[in-house]
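Numbers restart at 1 for each chain; the letters A, B, ... are given by sequence-line order, proteins then strands.
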Amino acid sequence: MSQTLSAVKGMNDLLPGEIEIWQHVEGLARELFGRYGYGEIRTPMLEDTALFVRSVGEETDIVGKEMYTFDDKAGRSLSLRPEGTAPAARAYIEHSILNQEPLTRWFYTGPMFRYERMKTGRYRQFYQVGAEAYGSKEPAQDVEVMDMVAQFLQKLGLQDIALNLNSLGDETCRPAYHAKLVEYLQAHIEELCTDCHRRMEKNPLRVLDCKNPTCQAVASKGPNVLEFLCEPCKAHFDDVQRKLTALDIKYVVNPRMVRGLDYYTRTVFEFIASHPALGTASTVGGGGRYDKLVKSLGGPDVPAVGFACGLDRLVLLLKESQQKFGATPDLFIAVADAGSHDVAFTLASRLRREGLRVDFDTRGGSLKSQMKRSDKSGARFTLVLGELERTSGQAKLKQMAGGEPIPVALDDIARTVRAHSAAPRADATGVS
RNA sequence: GCGGCCAUAGCUCAACUGGUUAGAGCGCUGGACUGUGACUCCAGAGGUUGCCGGUUCGACCCCGGUUGGCCGCCCCA
């Protein structure tokens, strides 16, 4: 096709036929997170660049080379948000939320932006749904968040998703582990790949999840974070595991799982799907605790824990699952002769005002072509309106899926359609 | 950012070693059936073969560049 204008690389249009899946996922998130007491927030897509540098970390790939950053006309450096936790924390501080309530639960959904190499399930404008809980340092808060994600994924009908769990310690115990790890890695430096040499400078923890077999061998014999946890951190981690078990949530402890953002403390987790459609993009959700983030951004010393799920990847999985989403018309009104067009048009509007989903072809056309449109629309009933119906005031509801036509008076259509619907229409979210 | 594969109709794909008007299925539109969809049959519309340049008498095919997509690395959701 001729390439005149097209969407920016890595940014996609979502059209009817696919958008229904997105609406289903977002609707489920709203309904489910609401049950857990999380209120929705919307923050700007553009933030001061410094926000991400100070929270996500200057040395991370996200900030170092993946942000869409530019100067506005006043010379301010702005960036399209690459993730949602930092903007939420900024808003939490800016509106002095802690002074109004000691425990705050928020969720958000929307686009994020990272300038990265394109792959399946990985785009430059991608979508996340995430949540943040501020004010509780209790293990129960960590588990509440993980439980919520687990429920979310389960209700989407997704199978084969594993929860990986780890603890990175806090400012008391992490330095000792960090030092020990660097010391160990230095001693084995000649066995590590060149990437890992670079990682040792920037973020030694990342060596732990290097995919290179030799590096993995080195890492597996190195110091284990969990053995370095101080007493409070260890107690916290143990309690998290006890509570997960009490909620019957399956997990595996993975002491070599680290996350890409600098702000995590103590609990970190990832939900990993094993479906071939995702390729290497198998992480569908992740999160953890970040007790120092709010303070480091100039706010109060308030603990927090949260997560984010990649909607693009969830939608990819749902497409594979062959499930159908979205509502179809209750009724299609077809016109038998041009003289009935105006009456049919008015009738369609009246029925819509009465709450029915009604399809009608404003162009008219042959009855046959209108029947074809009705069939394709997935309408439950078709009503043919012609001179016969207009004069008698009586019509028939043809059942498109098969069965005898149902006689109906023209002024009693809405009630009859509802009476013959197999089941009450599902609410917007389809949540059961 | 590095390495490899790919690009033909709206979609999935054909087109002999470079040879003349680039085909099919699905989808779309109309008809067979002048008031009844899906099945069947018939017809029609739809392409600068991603784009730019080169080699050649001649390029969908060969070469270079470019854009876009896919896979691996990196990283992440």
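- B:G53 and B:C60 have their P atoms separated by 14 Å, with the value rounded to a whole Å.
- In this structure, the separation between CZ on A:F113 and CE on A:M45 is 5.0 Å, given to the nearest 0.5 Å.
- Nucleic acid contact class of A:F332 (heavy atoms, under 4.0 Å, all strands): none.
- When each of B:G37, B:C75, B:U29 is scored by its nearest atom to the side-chain atoms of A:M400, the top-ranked nucleotide is B:G37.
- B:G64 and B:C52 make up a base pair, with Watson-Crick or G-U wobble contacts both under 3.5 Å.
- To the nearest whole angstrom, the two P atoms, one in B:C33 and one in B:A38, are 15 Å apart.
- Residue contacts for A:T382: at a heavy-atom cut-off of 4.0 Å it reaches no nucleic acid atom on any strand shown.
- Under the Watson-Crick and G-U wobble criteria, each requiring two contacts below 3.5 Å, nucleotide B:A15 is left unpaired.
- Distance from the side chain of A:R313 is smallest to B:A77 among B:G31, B:G35, B:A77.
- The nucleotide B:U21 finds no pairing partner, because no Watson-Crick or G-U wobble arrangement with both distances shorter than 3.5 Å includes it.
- Base pairing of B:G37: no nucleotide in any strand meets the Watson-Crick or G-U wobble criterion (both distances under 3.5 Å).
- Using Watson-Crick or G-U wobble geometry with both donor-acceptor distances under 3.5 Å, B:G44 finds its partner in B:C28.
- Listed candidates were B:C28, B:G35, B:C75. Nearest to the side chain of A:R122 is B:C75.
- Under the Watson-Crick and G-U wobble criteria, each requiring two contacts below 3.5 Å, nucleotide B:C73 is paired to B:G1.
- Considering only the side chain of A:K9, B:G68 comes nearest among B:G68, B:G30, B:C33.
- Checking B:A77, B:G37, B:G35 against every side-chain atom of A:D375, the shortest atom distance belongs to B:G37.
- The aromatic ring centroids of A:F152 and A:F33 lie less than 6.0 Å from each other.
- For A:K398, whose side chain is taken as the heavy atoms from C-beta onward, the closest listed nucleotide among B:U36, B:A77, B:A38 is B:U36.
- Ring to ring, A:Y38 and A:F107 are not that close: their centroids are 6.0 angstrom or more apart.
- Proximity note for A:M371 (side chain, C-beta onward) versus B:A32, B:U36, B:C75: the nearest is B:U36.
- Of the candidates B:G35, B:C70, B:C76, the closest approach to any side-chain atom of A:T120 belongs to B:C70.
- For A:T283, counting side-chain heavy atoms from C-beta on, the closest listed nucleotide (B:G37, B:A77, B:G35) is B:A77.
- Closest to the side chain of A:M118, out of B:G35, B:C74, B:G69, is B:G69.
- A distance of about 10 Å separates the P atoms of B:C42 and B:G25, rounded to the whole Å.
- For the side-chain contact (heavy atoms from CB on, under 4.5 Å) criterion with A:S167, the lone passing option out of A:T265, A:L229, A:V268 is A:L229.
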